[in-house]
Amino acid sequence: MHLKWILILALALLEVLYLDGGVAAEWNGYMEMATAGPDLGQQLAAHLAPSTPPEVQVEAARAVIRRLVGPKSAKRFQVEVDKDLELRSFKITKLDNGRILLTGWDGVCACKAFHHYLKYYLNKDVDWFKMRIELPDNLRLPNATVVSISASPIIYHQNVCTWSYSFAWWSFQQWRRHLDWMALMGINLSIAPIQEAIWVEVYTEMGLSKEEIDDHLAGPAFQAWQRMGNIRGWAGPLKPEWRQFQLLLQQEILSAQRNLGMSVALPAFAGHVPRALSRLHPNTSFTDVQRWNQFPDRYCCGLFVEPTEPLFHQIATTFLQSVVTIYGSNHIFFCDPFNELEPPVAKPEYMRSTAAAIHNSMTAVDPEAIWLLQGWMFVKNPFWTPDMAEAFLTAVPRGRILVLDLQSEQFPQYELTHSYFGQPFIWCMLHNFGGTLGMFGSAKLINSGIEAARSMPNSSIVGTGITPEGIGQNYVVYSLTLERGWSRNSIDLDSWFRHFTVTRYGVKDESLAKAWLLLKNSVYSFHGLQKMRGQYVVTRRPSFNHDPFTWYNASDVLEAWHLLLSARVIIPLEDDRYDVYEHDLVDITRQFLQITADQLYVNLKSSFRKRQLPRFEFLSTRLLQLFDDLELILSSGRNFLLGNWLEQAKQVAPHPEDRKSFEFNARNQITAWGPNGQILDYACKQWSGLVKDYYKPRWSLFFDDVNVALHSQRPFNGSAFKQKVSQRIELPFSNKTDIYPTDPVENVWFISHTIFERWMGYTRDSLYLHNNRLSVPRKPAVE
Ligand SMILES: *[C@@H]1O[C@H](CO)[C@@H](O)[C@H](O)[C@H]1NC(C)=O
Ligand SMILES: *[C@@H]1O[C@H](CO)[C@@H](O)[C@H](O)[C@H]1NC(C)=O
Ligand SMILES: *[C@@H]1O[C@H](CO)[C@@H](O)[C@H](O)[C@H]1NC(C)=O
Ligand SMILES: *[C@@H]1O[C@H](CO)[C@@H](O)[C@H](O)[C@H]1NC(C)=O
Ligand SMILES: *[C@@H]1O[C@H](CO)[C@@H](O)[C@H](O)[C@H]1NC(C)=O
Ligand SMILES: *[C@@H]1O[C@H](CO)[C@@H](O)[C@H](O)[C@H]1NC(C)=O
Ligand SMILES: *[C@@H]1O[C@H](CO)[C@@H](O)[C@H](O)[C@H]1NC(C)=O
């Protein structure tokens with residue numbers, strides 16, 4: 001064993017001993033006590049809560065507050081952790097010495113109390129990009145007497161994909177900010193998926209060679225899908241130094257979370273193994289994992305060990321034992337054998353024995369194990385008939401499987417499965433796929449959906465949460481969901497959005513409130529069944545087959561933009577509120593250009609169909625100009641730069657010679673997503689740099705080809721274009737090494753205003769049609 005490993009194990013053991021002291025004593029027949037509804041949730045929550053001593057939680061919560069408001073202001077707050085409070089609750093009071101006393105059932109609840117005071121008494125708020133708040137020395141701290149109990153025993157955050165789409169390059173510094181944010185939101189359950197270093201040990205012991213393991217592990221930007229068995233080896237291999245760094249990072253994250261009283265689910269074995277394992281076990285029955293998104297053989301179709309095989313048990317327990325030794329444990333483990341993969345046998349008995357075998361492999365290591373399962377596999381999947389789902393879910397004792405109802409705001413599964421046949425579940429908002437940008441959300445459905453899940457007869461809901469594939473956009477809906485999850489009652493959305501505006505910009509103003517109410521009623525009012533995947537004309541591969549649509553009136557966004565622009569002079573400069581304002585200006589400008597591109601495209605399509613050459617040329621020129629403006633506004637926003645993503649990737653590369661492979665990973669994930677564009681643009685980003693060197697050149701090439709076709713009276717050959725754009729622009733992009741700025745250009749307001757002036761009259765494009773006596777489309781361009 002390497003010295004490093006011994007060190008890690010020793011550290012881990014220390015941590016386990018320290019964290020687990022007392023857990024066994026608390027365990028007193030949870031299963032017998034299990035009943036439906038909130039009780040089940042409370043028991044589950046109490047069962048999972050780490051036994052971190054109160055003084056450690058107090059110190060962790062105080063440190064969160066210090067980082068947020070600085071050491072001086074932090075002294076004005078006193079933190080206590082009191083286990084005699086109701087489970088999942090906090091209390092705020094003002095002491096005679098003028099300080100604010102924040103008492104929480106645990107560290108997380110104390111942080112939640114602080115956030116509540118900050119937002120509802122001091123009118124200040126955080127967001128993913130702003131985790132520093134200024135409190136002036138002379139600020140009077142208003143008296144408060146608040147007692148609040150979470151209506152959700154568990155508040156959950158994270159999706160296995162978030163770790164690749166958003167967290168891939170993070171070091172602990174970025175994690176620290178995010179963990180602080182999680183605590184302030186009252187989040188107390190998440191996952192710890194990093195596991196490659198452990199697997200390498202397990203596989204090596206089993207007799208696999210280094211080459212065989214390298215063949216299996218995917219690159220640093222694609223680990224989420226390799227872990228789920230979707231792909232193997234793509235953009236790999238992983239250097240040992242990277243695996244080590246990741247493991248240490250995971251330990252650091254875990255210990256920070258537990259210090260605050262959060263629980264973390266650890267990875268368990270789901271059955272996916274390297275192909276080479278069949279060499280060592282010729283007598284074991286393996287199933288070929290089915291092909292995922294047309295990945296070629298080299299990068300897909302690993303093997304699946306049947307959970308009922310002795311080999312499964314052996315691998316599962318060896319792995320889990322290691323995981324628990326290295327990470328400590330809160331008695332909750334996640335694994336998803338069938339995520340976007342069809343089970344090999346369609347029989348309830350098979351599902352039952354499979355689920356039982358998986359859970360048994362967990363209890364063999366930890367008799368108190370709870371299995372955290374993503375309900376994603378049930379969504380719109382005809383395979384999972386109620387019989388199959390029931391067999392699978394009830395194979396595990398009640399309360400020992402916890403289901404994440406993954407996209408409850410749009411496709412809730414808890415009703416179809418009779419509340420998971422009594423197994424506890426968490427209502428989650430998925431909201432985002434691939435970390436794409438675009439203003440979008442379902443404020444009303446979040447509000448009503450949580451209520452509906454709670455009030456359903458015999459509901460087995462035990463919590464609420466968010467499960468975005470990527471973060472960094474639409475903060476407002478995440479903030480809303482997490483507050484709604486804590487709250488017992490429905491939220492009055494109009495006043496919530498009004499207050500959101502006040503805390504966001506640090507000023508109470510009717511026109512700003514109106515801007516956000518317009519957004520609430522337009523972009524944030526989605527309630528359709530379309531699968532929103534952030535695919536808009538600007539980020540899609542050009543073709544005449546797209547059918548863009550919006551569920552709202554574009555003029556609402558235009559008006560909101562106008563109101564925001566007009567508010568410039570009243571935004572306070574202190575507390576970096578102006579930065580937040582500029583961020584929003586960039587985002588709304590981007591949004592309006594995105595919608596306008598959709599509209600231009602619809603007209604382009606019509607002009608092509610009607611062979612109206614001058615109109616086509618006019619509109620295509622307009623679209624290319626729009627790309628220039630999109631690039632310009634994005635280049636002025638700190639959080640909209642390709643350079644940040646690429647530089648972060650290169651920075652965490654273990655050695656200079658790895659930078660190229662890390663950059664390749666970073667670039668490929670957000671463009672081609674695979675060796676030949678297998679999931680092209682799934683994780684597209686409206687970022688400066690990408691617009692200029694990837695999205696615009698594609699449309700430019702497209703217009704060249706279409707123009708040739710139109711001028712020569714020949715049909716436009718779409719498949720020839722596909723090949724050309726793939727070979728000239730899409731695939732080469734992953735291999736490039738151009739450097740992009742990591743600092744924004746100045747003058748956001750001026751750029752935004754100029755673009756506003758230029759594009760607010762986008763309907764004039766139809767006017768152009770009149771002047772040229774071409775037919776005017778009757779319907780509005782985008783419905
Ligand atoms: C969540 O935190 C609450 C209190 O903060 C606690 O009751 C519960 O045990 C925690 N749940 C988990 C899963 O950690
Ligand atoms: C705050 O208000 C409560 C309730 O009105 C009161 O009992 C308490 O004395 C006040 N605290 C301070 C410091 O004014
Ligand atoms: C596999 O089964 C064959 C025939 O039963 C036996 O001879 C062989 O030793 C087994 N191999 C392993 C690795 O168990
Ligand atoms: C709720 O559970 C009770 C007791 O198990 C049962 O009698 C009742 O039919 C259930 N109600 C619904 C709507 O499933
Ligand atoms: C969109 O809003 C504008 C301004 O309020 C209004 O004039 C127009 O009729 C609306 N269009 C649709 C399709 O609702
Ligand atoms: C379109 O292009 C493809 C690929 O270059 C070619 O195979 C095909 O024959 C072309 N189709 C037409 C109708 O020209
Ligand atoms: C990108 O580079 C890899 C090797 O690093 C090579 O296999 C691949 O063909 C290149 N792709 C393109 C489109 O140039």
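Whatever order the structure lists ligands and atoms in, that order sets their numbers, starting from 1.
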Handout entry: Polar proximity ligand 7 side, Lys660 side, N/O cut 3.5 Å exclusive
Key = no

Exercise for the section: Go through the side-chain N and O atoms of Glu469 and Tyr682 and say whether any donor and acceptor fall under 3.5 Å apart. Expected result: yes

Problem - Among Leu619, Thr621, Leu604, side chain to side chain contact (heavy atoms under 4.5 Å, CB included) partner for Phe703 - result: Leu604

Problem - Between Asp693 and Tyr740, a side-chain donor and acceptor under 3.5 Å - result: yes

Practice task
Flag the pair Arg66 and Glu59 as a salt bridge only when some basic side-chain nitrogen lies within less than 4.0 angstrom of an acidic carboxylate oxygen.
Solution key: yes

Exercise for the section: Please list, by chain and number, the protein residues whose heavy atoms come under 4.0 Å of ligand 2. Expected result: Lys94, Leu95, Asp96, Asn143, Thr145

Problem - Test of proximity, Asn717 against ligand 6: N or O pairs below 3.5 Å - result: yes

Practice task
Just jot down the salt bridge (Lys or Arg N to Asp or Glu O under 4.0 Å) partners of Lys239, sequence neighbours excluded, or say none.
Solution key: Asp658

Practice task
Indicate whether any N or O donor in one side chain lies under 3.5 Å from an N or O acceptor in the other, for Trp486 and Ser148.
Solution key: yes

Practice task
Fit a plane to each ring of Trp234 and Phe664, take the angle between them on a 0 to 90° scale, and name the class: parallel (under 30°), tilted (30 to 60°) or perpendicular (over 60°).
Solution key: perpendicular

